[in-house]
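Residues: numbered from 1 along the sequence shown. Counting convention: from 1, in listed order, for ligands and their atoms alike.
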Amino acid sequence: MKDQIEKVAQWIVHSKRVVVFAGAGLSTESGIPDFRSPGGVWDRYNPEDFYFQNFMASEASREKYWQMATEMYEPMKKAQPNPAHLAIADLERLGKLDCIITQNVDGLHHKAGNSEEKILELHGTAMHVACMQCHKRYDREKVQQRWRNGEKAPRCGDCGGPLKPATISFGQSMPERETEESYQRSSACDLFIVIGSSLVVQPAASMPLVAKRNGAKLVIINRDPTSFDDTADMTIHGQAGPIMAGILENVKKELGAQE
Ligand code: APR
């Protein structure tokens, strides 16, 4: 693995446009469970209860949704970036990051210090709430306080529409700007690094292929094998935190050597 880490660091140093693609595996070392590993979110909840159509269908299903969303939000609110998040923030400071395409809704890239314009939240964010009717946005914690005070399916103060955490649920339309920009940057990059994703959810999972088809090198850092491993130029199976910390250390060494 040491050789692989040194190799990826060299690729980063010699690349012009490095895109990082993040999944839930990036945040497990911050105490947030992923979705498809044993003990993950989909072990505890039925994904169908999260379908957008269900949410819009009835007050009862919205209350159920908010109950589950609250159980997921509380650990996220307290979570801190881990060494993998911090390494990505350092890559930005070193001028070696084009953008982060993230499936994560936990806001940890922001907490780690990456700048807003570099973060493309493909699946939205759990740190805000949106009205499903007038699209007004609210701070999550303020609405969560209303939930704690008994509003089990909060409504918009302006139009009375149902409020929902600003995450993209199955069956909900993808965010236009973030999706469009993610495709553009995936096709324009020369190095695409996947960190902590099973790469099974579309359209996000098509981004690594877009990058590869446009000539980029593809690196996959994931604890378990993925169906894209054979397509990748490098796969490193292990914990994202120590691997990304090792890659950053080598990038700094290489850049230092170049000065
Ligand atoms: N380091 C590296 N990889 C890890 C770590 C870790 N510390 N912890 C978990 N993993 C890997 C697992 O092996 C798994 O393959 O991260 C992957 C996480 O995969 P999923 O749980 O499927 O998460 P993700 O790919 O982000 O899911 C995509 O699915 O449910 C929806 O909207 C949700 O954004 C999510 C999307």
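For the salt bridge (charged side-chain N to carboxylate O under 4.0 Å, His left out) with Glu141, the qualifying choice from Lys78, Arg146, Lys77 is Lys77, the only one to do so. Results of the side-chain contact (heavy atoms from CB on, under 4.5 Å) test with Asn114 over Ile100, Val20, Leu86, Asp90 single out Ile100 as the only residue that passes.
The distance from ligand 1 to the heavy atoms of Gln239 drops below 4.0 Å at these ligand atoms: 1 (N), 6 (C), 7 (N). The Ser37 neighbourhood of ligand 1 comprises atoms 12 (C), with distances under 4.0 Å to a heavy atom of that residue. Near Glu29, with a cut-off below 4.0 Å to any heavy atom, the atoms of ligand 1 are 1 (N), 6 (C), 7 (N). The contact set between ligand 1 and Gly196, taken as ligand atoms under 4.0 Å from a residue heavy atom, comprises 3 (N), 16 (O), 17 (C), 18 (C). Numbered from 1 in the order shown, with element, the atoms of ligand 1 that lie under 4.0 Å from a heavy atom of Gly23 read 26 (O). Applying the 4.0 Å criterion to heavy atoms of Phe170 picks out, from ligand 1, the atoms 30 (O), 31 (C).
Scanning for side-chain hydrogen bond (donor to acceptor under 3.5 Å, both in side chains) contacts around Lys212 gives Asp233, with sequence neighbours left out.
Checked against the 6.0 Å centroid criterion, the rings of Phe21 and Phe192 qualify as a close aromatic pair. Side-chain rings of Phe50 and Tyr65 approach one another, their centers coming within less than 6.0 Å.
For atom 30 (O) of ligand 1, the nearest protein heavy atom (residue, atom name, distance) is Trp42 NE1, 3.0 Å. Given atom 19 (O) of ligand 1, the protein heavy atom at minimum distance is Ser198 N, 3.3 Å. At the shortest separation from atom 26 (O) of ligand 1 among protein heavy atoms lies Ala24 N, 2.8 Å. When hydrogens are left out, the protein atom nearest atom 5 (C) of ligand 1 is Gly25 O, 3.3 Å; that is the closest non-hydrogen contact. Closest protein heavy atom to atom 32 (O) of ligand 1: His123 ND1, 3.6 Å. Remark: minimum distance from atom 28 (C) of ligand 1 to any protein heavy atom is reached at Gln103 OE1, 3.3 Å. Atom 1 (N) of ligand 1 has its closest protein heavy atom at Ala240 N, 2.9 Å. The nearest protein atom to atom 11 (C) of ligand 1, hydrogens excluded, is given as Asn222 OD1, 3.2 Å; this is a heavy-atom distance.
Side-chain contact annotation: His237 with Asp229, donor-acceptor N/O pair under 3.5 Å present. No donor-acceptor contact under 3.5 angstrom links the side chains of Thr125 and Arg140, judged on distance only. Side-chain contact check for Ser15 and Lys96: no donor-acceptor pair (N or O, by modelled atom type) lies under 3.5 Å.
Here Arg36 has heavy atoms under 4.0 Å from ligand 1 in both its backbone and its side chain. At a 4.0 Å heavy-atom cut-off, ligand 1 touches Asp224 through backbone and side chain alike. Here Phe21 has no heavy atoms under 4.0 Å from ligand 1, in either its backbone or its side chain.
Residue contacts with ligand 1: Gly238 is included, with a non-hydrogen atom under 4.0 Å away. In this structure, Val201 counts as a contact residue of ligand 1, since one of its heavy atoms falls inside 4.0 Å of the ligand.
Here Arg62 pairs with Glu59 in a salt bridge; the nearest charged N to carboxylate O distance falls below 4.0 Å.
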Evaluate the criterion side-chain hydrogen bond (donor to acceptor under 3.5 Å, both in side chains) for residue pair Asp106 and Ser27; output intermediate values, then yes/no. CA-CA 8 Å; Asp106 53 34; Ser27 297; 2.7 Å; yes
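Under a cutoff of 6.0 Å and an axis angle of 45°, Lys142 and Tyr138 do not form a cation-pi pair.
Lys7 NZ: 12 or fewer foreign heavy atoms inside a 6.0 Å radius.
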